[in-house]
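Single-structure report; data block below.
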Amino acid sequence: MKLTPLNITLAVVLLWVISEWQSGQEMLVSWGWLVVWIIVISLIDLGFRLVFEDLSRLWIMQVAFMLLVGILIILLKLQ
């Protein structure tokens, strides 16, 4: 399995959820939404891998995708 930005993002989110679960605090995300998140991110990563076979182009496009999604989320929160 190739290391991509979406894989790294998914690993960081899973680590964060596990650390929140171990701390005894109330979780911000339910287990159902976490499973949905994992499936969606995995499918998006698979789609990018099918479209962009060159690893450097794959990295550039996935980073651009994550930046675009982050900017859209911030804009939606501001409204």
Exercise. Between L50 and L58, is there a shared hydrophobic cluster once you connect ILVMFWY residues whose side-chain heavy atoms come closer than 4.5 Å?
Worked result: no
Problem set entry | Distance (rounded to the nearest 0.5 Å) between L15 CG and L10 CG | 11.5 Å
For this session: Would you mind telling me which of I41, V40, I39 makes a side chain to side chain contact (heavy atoms under 4.5 Å, CB included) with W37?
Result: I41
Problem set entry | Of all pairs that satisfy side chain to side chain donor-acceptor pair (under 3.5 Å), the ones with a partner from residues 60-77, not counting sequence neighbours | T4-Q62, D45-Q62
Exercise. Taking a hydrophobic cluster as the set of Ile, Leu, Val, Met, Phe, Trp and Tyr residues connected by side-chain heavy atoms closer than 4.5 Å, whether directly or through intermediates, do W16 and I73 fall within one such cluster?
Worked result: yes
Problem set entry | Reported CG-to-CD1 distance for the pair L75 and I71, which is rounded to 0.5 angstrom | 7.5 Å
Seminar exercise, completed: By side-chain hydrogen bond (donor to acceptor under 3.5 Å, both in side chains), S56 pairs with (sequence neighbours left out) D54
Problem set entry | Note, I74 side chain near L78 side chain (heavy atom, < 4.5 Å) | yes
Exercise. Looking at side-chain heavy atoms only, is the closest gap between L14 and L34 below 4.5 Å?
Worked result: yes
For this session: Group every Ile, Leu, Val, Met, Phe, Trp and Tyr by side-chain heavy-atom contacts under 4.5 Å, then state whether L68 and W59 land in the same group.
Result: no
Exercise. For the residue pair N7 and L3, what are the closest heavy atoms and their distance?
Worked result: ND2-CA, 4.3 Å
For this session: Is it possible for you to say whether V17 and V36 belong to one hydrophobic cluster, with membership spreading through side-chain heavy-atom contacts below 4.5 Å?
Result: yes
Exercise. Linking I/L/V/M/F/W/Y whenever any side-chain heavy atoms sit under 4.5 Å apart, do I44 and L46 land together?
Worked result: no
Exercise. Would you find more than 12 non-hydrogen atoms of other residues, nucleotides or ligands less than 6.0 Å from W33 atom CH2?
Worked result: no
For this session: Under the ring-ring contact (aromatic ring centres under 6.0 Å, His included) rule, collect the residues that match up with F52, sequence neighbours excluded.
Result: none
